[in-house]
Each structure stands twice: as C-alpha cells, then as structure tokens.
Amino acid sequence: MVRTRFAPSPTGYLHIGGVRTALFNWLFARRHGGQFLLRIDDTDAQRNVEAALAPILHGFRWLGIDWDEGPEVGGPYAPYYQSQRQAGYQIAVDKLLSGGFAYRDYATPEEIQTEREAAQAEKRPFLYSRRWMAETLAERVAFEDQGRQAVVRLKMPREGKLVIDDLVRGQVEFEWAREQDHVVQRADGTCLYHLASVVDDFDFQITHVIRAEEHLSNTPRQIFIAQSLGYSLPAYAHLPYVAEPGSKNKLSKRKLDKYLKNRDFALVNEHGLAIARAMGLETSADTFNPVIVDFYEQVGYLPEAILNYLVLLGWSLDDKTEFLTPAQMVANFSLERVTKAPASFDPKKLWAFQDHTMQQLPLKQKVARMLPYLQRAGLVSTPAPCEVGPKLTRIIEAAGDRLKVLGDIIVYADFFFQDPLRYDEKAFEKNIRKAGAAELLTKLRAVLAGVEPFDVAGLEAALQNFVAGQGIKIGDIIHALRVATTGKAVGPGLYDCLEILGKETCLKRIDQALAQV
RNA sequence: GGCCCCGUCGUCUAGCCUGGUCUAGGACACCGGCCUUUCACGCCGAUAACACGGGUUCAAAUCCCGUCGGGGUCACCA
C-alpha cells in the first residue's frame with residue numbers, strides 16, 4: 001500500500017513550486033491506488049493557523065488535488081496538525097534520550113556560535129565539542145545549578161557513511177561525521193521539524209517521502225532519527241525544485257521584483273492584474289502574483305491547464321506527449337521519469353497550455369463559468385436577467401479563441417454591457433478623427449439604418465455594397481466603424497459585434513462618436 | 001568555505017542505464033510567411049543545443065576521469 005503526503009506550513013498562500021511537489025505526491029499515490037494525505041507543519045507556534053491554511057486548502061480543492069486524510073476530512077491517524085501531536089514527539093524524544101541517541105545539552109546559543117566561528121577561523125568543518133552535554137543526572141544537576149537550560153540534541157555518529165537510495169537521484173552518499181548534533185527539542189519542550197516530521201511519517205505509515213531537493217541534505221539526520229527509534233524507513237524521492245523564469249535559482253515569492261523584469265512573466269502578471277482590477281480585487285503583490293496559485297484561479301485559468309503545465313515541469317511521458325488529462329496523468333505517472341535538473345517556471349508556456357485547454361472547453365461551460373466574472377466586474381447584475389444567457393452565448397461564440405482565460409470576458413465584452421462607451425483614445429484619433437472619416441461614417445450610418453435584417457449576412461452585404469459605391473476599400477471604413485461602435489481597436493468579428501449590439505445601439509453609438517469628433 | 005546535487009536549442013524536454021538507425025526528435029517562445037475587417041486562432045517555414053578537456057572504443061550526447069559552470073544546504077525555520 002502506497003501512502004504519500006504533502007506537508008504545508010500555514011503561510012497564507014499556495015506557492016506554485018509547492019503545488020508541483022504536492023501534485024507529484026498525489027499522482028504517485030493515485031497511480032498505485034494508495035492514499036495521499038495532508039499534514040500541517042505548524043510546529044513553529046503561530047496564531048491563526050486556520051486563516052493561514054484556508055487559501056492553501058482552497059487551492060488544492062480548486063486544482064482537484066484531493067486528500068484522503070488531513071485537515072477538514074480527518075482520518076484514522078488524526079490529528080494531522082503537528083501542533084497537536086506534541087505528546088507523541090515527547091515519547092520519541094524520551095526514547096532517543098534513553099537509547100543514547102540524543103542528549104541534553106546545556107550550551108547557550110552564544111557558546112555554540114563561538115565554537116562554530118572558531119572552527120570557521122581554522123577552516124575546519126564545525127563539530128560541536130559536546131562540552132555542555134549532560135548524560136547523567138549528576139551532570140544535569142551541575143549545569144542546572146549554573147542556571148542553564150537544556151535543549152535536546154541528536155548524538156550523531158561520528159564515523160562511517162550513509163548511502164541513500166533515492167528514487168529520483170539514485171545512490172547518494174553522506175559521511176556521518178559531517179552531520180551536526182541538531183536540536184530536536186527546545187528548552188520549552190516544543191519539538192522541531194525533523195523530529196516531528198520523522199515521527200509523523202512513521203505514525204501515518206508514509207511509504208514514500210516525495211519532496212523537493214532542498215531536503216536531500218536533511219535526510220541523513222532524519223534517517224538517523226528513524227533508525228534510532230526503530231522505525232522502518234520510507235522510500236525517498238527528491239524532486240528538482242522549480243526555478244525562476246530564465247534562471248536556475250529556486251523560485252521564491254519574495255523575489256517578485258526580479259521576475260517582473262522578465263518580459264513573459266511581466267506580461268502574464270499585467271494581464272492578470274487588469275482583470276483583477278476590473279473586479280475590484282485586492283492586488284497587492286504579496287497576495288496576488290503569478291508565483292501564487294490563487295492568482296490563476298482569480299483571473300480564470302482552468303485547473304486542468306495548470307496541472308498539465310506543472311506535471312510536465314520535471315516529468316515527461318515520452319518524447320512527444322504534451323497534453324494529458326488528470327486521469328491520463330494518474331495512469332502514467334512514474335518517479336523513474338522525473339528529471340534531475342531544476343526546471344524554470346515559464347509563464348508563457350503555462351499560457352500556451354491554458355490557451356489549449358480553454359479551446360477544449362464546451363461553449364455551454366464557458367458561458368456558465370464566465371458569467372460570474374461579468375457580475376463581479378459589475379457589468380451584469382445578480383441574479384442575471386434572462387436575456388443575458390443567450391446574449392453571452394453569442395458573444396463568447398463570436399469571441400472564439402480570443403478568450404484565453406475566463407476573466408478575459410470582462411475585457412473583450414464590456415462594451416456589450418456598458419453605455420456610454422469609453423473610447424480607446426488612440427484608436428479614436430487614428431480612425432475617426434482622421435480626414436474624411438467622419439463624413440464616410442455619416443454616410444455609412446444612413447446605410448446601416450436601412451439594413452434589414454440586421455444580422456451578419458445582411459451587414460456584410462451592405463458594407464460590401466457601400467464600399468463599392470464609394471470606390472474605397474473595406475479597410476478604409478471598417479476600423480472607424482469598429483471604434484465607433486465598440487470603442488476599441490481590437491475585438492471579435494465586427495459583423496458579429498454589430499449584430500449582437502443591435503441596430504438601435506449601433507446607430508446611437510455612431511451618433512455619439514460623431515458628436516465627439 | 002565544507003558537504004551534496006545538477007549540466008542537451010532562450011525555456012520545458014526526448015535520447016543516456018542497454019554506445020552505432022542522432023547530419024540530436026517534440027513543445028513553448030522568438031523570427032519570416034500564408035489566412036484575414038482588427039486582434040486571436042489555424043497552417044507553413046526558418047534560426048537554435050549535446051558545458052569544456054582528456055581517455056576507452058572501429059564508433060560517444062550516451063561509458064570512465066578531470067576541469068569549469070550553476071544550484072541546494074549548512075538554524076533552538078519548515
């Protein structure tokens with residue numbers, strides 16, 4: 001039975017790199033008919049764990065990454081919060097202590113620091129002298145009489161080596177003597193990550209620890225803890241981390257300013273920002289940017305696209321498969337085909353997957369899922385009037401592939417719902433205020449007034465007829481007409497726009513435009 | 001700096017284990033063209049990579065050694 005886990009800290013947001021790690025864990029568990037669980041690493045005491053966790057759980061739900069055990073769903077090994085599992089850690093610490101695998105240490109942080117600096121000055125690797133180690137009661141009393149407080153440290157082996165069989169990296173060797181006597185329990189009795197993680201992984205019967213590469217060098221001490229406690233070891237798989245756009249540095253939320261200098265990243269960010277602003281969303285870079293999964297949900301990316309992009313970031317099925325449904329991912333995922341080198345996050349490629357996924361989405365779905373965006377932007381009231389459905393369907397049909405994300409409907413369709421128009425100044429200047437344009441538009445208005453029925457075919461015929469009569473080309477007038485009726489230089493097919501708008505609105509808008517020349 | 005990991009087009013990758021069919025394949029981006037009322041889509045095309053140096057071998061992207069480069073990690077954070 002395969003059991004994997006992802007262990008987020010409640011930080012208030014879901015990082016794109018974290019999701020990739022979680023996805024691989026989830027995929028691996030599902031592939032082998034096992035369980036995937038969520039454990040909350042909140043040993044670092046902080047307030048408001050629930051509030052900081054909510055966006056993370058929400059992100060997973062949105063992506064369809066479901067967990068069999070963990071917060072909100074419970075499970076046979078509950079609780080799944082490390083802050084609530086301290087009693088178990090205490091038992092483990094006692095066992096480590098009594099087995100001689102750990103010791104009480106009475107050194108102050110400053111004393112340790114002094115030793116460390118001395119080692120550095122002599123250019124030799126630092127190894128704690130264990131001068132303030134207390135293994136007998138007498139030693140403890142002596143130190144405590146000095147007013148000292150004890151932490152519990154691992155008594156790491158100082159000879160021999162460890163060979164890890166990593167499922168992604170193969171055999172990796174470490175010298176025990178390079179490992180530090182890490183603290184596993186603070187003076188106040190709270191336990192630290194490594195201890196907690198190892199104990200929980202065992203308690204939860206985790207069979208495969210799949211995590212990012214930065215944990216590879218933590219593995220020896222974790223294996224030491226596990227072995228000292230008599231645990232059977234899980235299999236380890238260390239994934240390459242997700243790197244910054246165009247670099248090999250680890251992707252980090254904090255370096256957003258740097259990423260914004262990347263053209264593609266900036267483009268994706270700007271696009272999302274425009275949509276978010278139209279909906280009146282909070283868009284501070286701290287909570288809203290392309291490194292955070294929430295960004296994609298808010299803007300209207302499709303979860304399947306994110307998953308598809310992410311699964312191919314460090315894994316491939318073969319030499320040409322680009323598109324996989326979640327079911328196909330589950331059916332084909334394997335750790336053997338995970339890449340070893342870090343992979344740069346490429347927002348443009350994610351965009352391409354989004355484009356493709358959106359094209360696959362049935363029209364009805366698009367209508368149902370885009371409507372809320374119009375409502376949030378205040379372009380359609382809630383509940384939506386009944387004529388909106390058919391109208392929106394026509395609009396989305398006409399817009400076709402131009403709608404890349406659900407939120408694009410706001411940008412592409414606002415003029416269908418908004419009066420008066422806000423003209424794109426540049427376009428207005430170029431196409432309507434240019435010499436002769438107003439005169440031509442006035443004549444065209446008269447023609448349009450007589451078009452019946454006012455539909456794509458009728459409109460097209462009328463326009464063709466008009467330009468022929470005037471001895472001009474269609475390009476000479478159609479741009480002016482577009483700007484006058486839609487306010488923009490770009491958009492869906494013009495005849496479609498005109499038909500959806502209806503004759504009355506079109507004529508009225510042409511008059512308005514003419515009045516502003 | 002110590003330890004560990006990694007190194008194929010700008011980017012994601014296939015190929016590497018089991019040398020030859022690799023004059024290195026696909027995708028995204030970029031550039032050019034077609035389509036076209038704008039934009040987008042679509043289609044066609046072009047440019048573009050085995051980090052370097054030594055071996056081993058009839059033959060190396062693939063095996064070995066070294067160099068260089070990049071990154072991760074060295075907490076009473078997770």
Side-chain angles (χ1 to χ4, degrees), chain A residues 7-11 41-44 82 105 107-109 112-113 116 119-120 123-126 149 151-153 164 166 168-170 172-175 177-180 182-188 190-194 196-197 212-220 238 240-241 243 245-250 263-264 309 312-323 336-337 339-353 355 359 399-404 408 412 427 431 460 463 467 473-479 481-483 486 488-495 497:
Chain A
S9 301
T11 52
D41 281 15
D42 57 348
T43 51
D44 209 20
Q82 291 196 322
D105 183 55
T108 63
I112 296 284
Q113 186 55 28
R116 186 175 284 123
Q120 221 157 39
K123 294 195 171 177
R124 60 174 164 82
F126 166 66
Q149 283 193 313
V151 296
V152 176
R153 283 186 188 276
I164 299 171
D166 190 280
V168 170
R169 267 145 231 288
V172 184
E173 294 188 5
F174 292 91
E175 301 244 2
R178 298 269 182 243
E179 296 297 316
Q180 304 299 323
H182 284 95
V183 173
V184 290
Q185 187 177 39
R186 300 184 181 95
D188 67 4
T190 56
C191 289
L192 265 24
Y193 167 73
H194 294 294
S197 183
E213 184 195 341
E214 60 248 42
H215 286 286
L216 184 54
S217 42
N218 296 155
T219 308
H238 287 93
Y241 57 87
S247 126
K248 290 294 180 208
N249 292 19
K250 198 169 79 170
R263 189 166 148 267
D264 295 338
Y309 171 70
L312 260 15
L313 204 57
W315 177 84
S316 65
L317 174 59
D318 53 32
D319 58 341
K320 47 180 68 69
T321 304
E322 297 289 333
F323 303 111
E336 292 80 62
R337 293 195 60 85
T339 321
K340 289 191 177 81
S344 298
F345 174 65
D346 181 353
K348 252 316 184 30
K349 185 141 188 174
L350 197 172
W351 176 271
F353 279 103
D355 189 1
Q359 288 190 33
D401 299 330
R402 277 164 278 240
L403 269 16
K404 305 295 184 195
D408 277 339
Y412 274 97
N431 296 297
E460 183 162 10
L463 257 292
V467 299
K473 286 177 295 181
I474 193 88
D476 294 332
I477 184 61
I478 205 155
H479 302 301
L481 181 56
R482 174 183 289 282
V483 175
T486 74
K488 300 175 201 295
V490 300
L494 217 220
Y495 303 127
C497 290

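Each chain gets a letter, A, B and so on, in the order its sequence line appears, and its residues count up from 1.
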Trainee: Could you work out which one of A40(B), G2(B), U73(B) sits closest to the side chain of Asp401(A)?
Mentor: A40(B)

Trainee: For the side chain of Ser344(A), counting heavy atoms from C-beta on, which of G72(B), U11(B), C41(B) is nearest?
Mentor: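 Nearest to the side chain of Ser344(A) among the choices is U11(B).
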
Trainee: Say we look at A60(B) and C65(B): how far apart would their C1' atoms be, to the nearest angstrom?
Mentor: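 Taking atom C1' in both A60(B) and C65(B), they lie 15 Å apart.
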
Trainee: So, applying side chain to side chain contact (heavy atoms under 4.5 Å, CB included) with Glu213(A), which one of Lys340(A), Arg169(A), Lys250(A) is it?
Mentor: Arg169(A)

Trainee: Go through U37(B), C39(B), C76(B) for me and flag the one nearest to the Val490(A) side chain.
Mentor: C39(B)

Trainee: Can Thr190(A) and Asp188(A) be counted as having a side-chain donor-acceptor contact under 3.5 angstrom?
Mentor: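 Yes, side-chain donor-acceptor contact under 3.5 Å.
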
Trainee: Suppose you measure atom C1' in U21(B) against the same atom in A14(B); what distance do you get, rounded to whole Å?
Mentor: 16 Å

Trainee: Roughly how many Å apart are A24(B) and C50(B), using the P atom of each and rounding to a whole number?
Mentor: 11 Å

Trainee: When you measure from the side chain of Lys248(A), which nucleotide among G70(B), A14(B), U73(B) comes out closest?
Mentor: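 Minimum distance to the Lys248(A) side chain belongs to G70(B).
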
Trainee: When you measure from the side chain of Lys348(A), which nucleotide among A29(B), A14(B), A78(B) comes out closest?
Mentor: A29(B)

Trainee: Would you say that more than 12 heavy atoms from the other residues, nucleotides or ligands in this model lie under 6.0 Å from the CD of Gln149(A), or not?
Mentor: no

Trainee: Among A78(B), A14(B), C12(B), which is the nearest nucleotide to the side chain of Asp319(A)?
Mentor: A14(B)

Trainee: Looking only at the side chain of Pro342(A) (C-beta and beyond, no hydrogens), which of the listed nucleotides A78(B), C6(B), C3(B) gets closest?
Mentor: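 So the nucleotide nearest the side chain must be C6(B).
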
Trainee: I want to verify a distance call: between U73(B), C76(B), A14(B), whose nearest atom is closest to the Ser316(A) side chain?
Mentor: A14(B)

